[in-house]
Amino acid sequence: MAFFSSGSRALVEILTGLQSVERPMPVDHTLFEFGSIRYHLQASITDSENIYLSISTPSLSYEASPSSGLPEITLQETRKMYHKFAEIIEPAKEGYTLTLRLNFSGLTRPKDRTKAINQISLLQSVILSSQLKDMLASLGSSGTMKLVYNQRDPFFVSKTPVKISAIFPMRFRDDTDLAIASSFFQELQDLGSTSSFSRAPRCSWSPIPPPELRGEYVHHLTTNGGFVSFDILARHVKGRRAARTAWILLNFQSYVKYHIKCTRSYIQSRMRKRLEIMTEVIDDAKFRGNDESRKKLQVRKRSKRRSIKFARAKKLQKGFKAVIDKIKRLRLRIRVKGLDRFRRHCQCFPVLKLTMAQRKEQKYQKLE
């Protein structure tokens, strides 16, 4: 999921931590965001009040030369927004497009420092919005320019004497996402044509390129999700709204794809839940009206339990039998050496044998 907030959380955390420490500490951090935006924070113990912040961000258009640096309108916007606690260092740090020297000593209240740190976190959106306004001004009264914020999803800005239009080629890798997106775009177009949204900027969707993109290269217009375009009014690019408008334009495609993924996940979860409910209903209906089937099922369960118990008893019986056989083998007659020879010698003496009648008549005398 893309991070759609225009402020940098990492910058807020680091700058807040530097303001909350009791003792000054050296700082040398390099941060990367969105793969192409780089920040560098540097502070020393000897100069603890000043913090140097450098930023490197690619240009929105390949037509602009990266060596030319930031346009003058960007520098003016930066000075205007951060003049109370920041100063632009020229030239910028090597490898970066802009370097600021931050000094929060003039802001005595914690509330003011927190507000200043939040404004610093918006530095990227300020630069991008100023670049966008500079490009729109360079188009003159009419023209079309290709903008690249995400390498996979470029978009176009078209300017006419009447209006400014943003055109987004939509590309989806999954067929399911494509089906959901097509339905979403058609519904969006139908709602935009109603009277309830008459005051909103016009939004349209078309499976073919709009007339504003005539003359563009074919590989720039290759798409499977069609083209979404909406108008940008003059009030959207004036004052503080310009930064927010630029950020919305740059993240529109990512936001749409995020919305499609969430919709797909929601649909799949509802389908799984519905399937479970229907399965339970079918099972209940199968045995509710047929008592014989229910009884047969119960008999099968009982017989299965009995067979399991019988198998266990048989296994225990085999175990007991093996133990008994082992005990019997241990109880064999013990042979004493020379006992057989003693028995043979005793056979030579006559032994008086009494009958049963004689045994009964024989009495024992009590010894006194």
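For clarity, every value in this text was computed on a predicted model and none was experimentally measured.
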With clusters defined by side-chain heavy atoms of hydrophobic residues (ILVMFWY) lying less than 4.5 Å apart, directly or transitively, does [Y] cluster with [X]?
X	Y	result
I37	L249	yes
F85	I89	no
L18	L123	yes
I248	V148	no
I127	I73	no

Parallel, tilted or perpendicular: which describes the rings of Y255 and Y258, with under 30° parallel and over 60° perpendicular?
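Ring orientation, 0 to 90° scale: tilted.
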[atom2] on [Y] to [atom1] on [X], rounded to 0.5 Å:
X	Y	atom1	atom2	answer
L100	R79	CG	CZ	10.0 Å
I120	Y82	CD1	OH	5.0 Å
E13	H29	CD	NE2	11.0 Å
L15	T114	CG	OG1	11.0 Å
T263	I180	OG1	CD1	6.5 Å
R214	E212	CZ	CD	9.0 Å

Validation: residues 267-274 side-chain donor-acceptor distances under 3.5 Å, sequence neighbours left out:
{"from": "S269", "atom 1": "OG", "to": "S265", "atom 2": "O", "distance (Å)": "3.3"}
{"from": "S269", "atom 1": "OG", "to": "Y266", "atom 2": "O", "distance (Å)": "2.7"}
{"from": "R270", "atom 1": "NH1", "to": "Y266", "atom 2": "OH", "distance (Å)": "2.8"}

Show your working on side chain to side chain donor-acceptor pair (under 3.5 Å) between E33 and S8 and close with a plain yes or no.
CA-CA 8 Å; E33 289 186 348; S8 174; 2.5 Å; yes
By side chain to side chain donor-acceptor pair (under 3.5 Å) - contacts of [X] (at least two apart):
X	result
R264	D174, D177
T74	S130
T78	none

Taking only residues two or more places apart in sequence or in another chain, which ones pass salt bridge (Lys or Arg N to Asp or Glu O under 4.0 Å) with [X]?
X	answer
D112	R109
E49	none
E77	K133
K115	none

Under 3.5 Å donor-acceptor, [X] side chain and [Y] backbone:
X	Y	answer
T97	I55	yes
S125	L122	yes
Q186	W205	no
R113	L107	yes

Using every non-hydrogen atom in the two residues, find where [X] and [Y] come nearest and quote the distance to one decimal.
X	Y	value
L178	G225	CD1-CA, 3.7 Å
S54	T99	OG-OG1, 3.0 Å
R171	P154	NH1-CD, 4.1 Å

Is there side-chain contact between [X] and [Y], with heavy atoms separated by less than 4.5 Å?
X	Y	value
D28	H40	yes
H259	C262	no
I117	F104	yes
L98	T57	no
D47	Y52	yes
Q19	I51	yes
F185	M170	yes
K93	S56	no

My understanding is that a hydrophobic cluster links ILVMFWY residues whose side chain heavy atoms are under 4.5 Å apart, including indirect links. Using that, what else belongs to the cluster containing [X]?
X	answer
V218	none
F227	F156, I167, L213, L221
Y96	none

Partner residues of F230 under the ring pair (Phe, Tyr, Trp, His ring centres under 6.0 Å) criterion, sequence neighbours left out:
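F230 satisfies ring pair (Phe, Tyr, Trp, His ring centres under 6.0 Å) with F168, F252 once adjacent residues are dropped.
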Checking side chain to side chain donor-acceptor pair (under 3.5 Å) between S229 and each of S204, S206, S165, which is the one that passes?
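Per the side chain to side chain donor-acceptor pair (under 3.5 Å) rule, the option paired with S229 is S204, out of S204, S206, S165.
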Are more than 12 heavy atoms, taken from residues, nucleotides or ligands other than E72, located less than 6.0 Å from that residue's CD atom?
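Atom CD in E72 is crowded, with more than 12 foreign heavy atoms closer than 6.0 Å.
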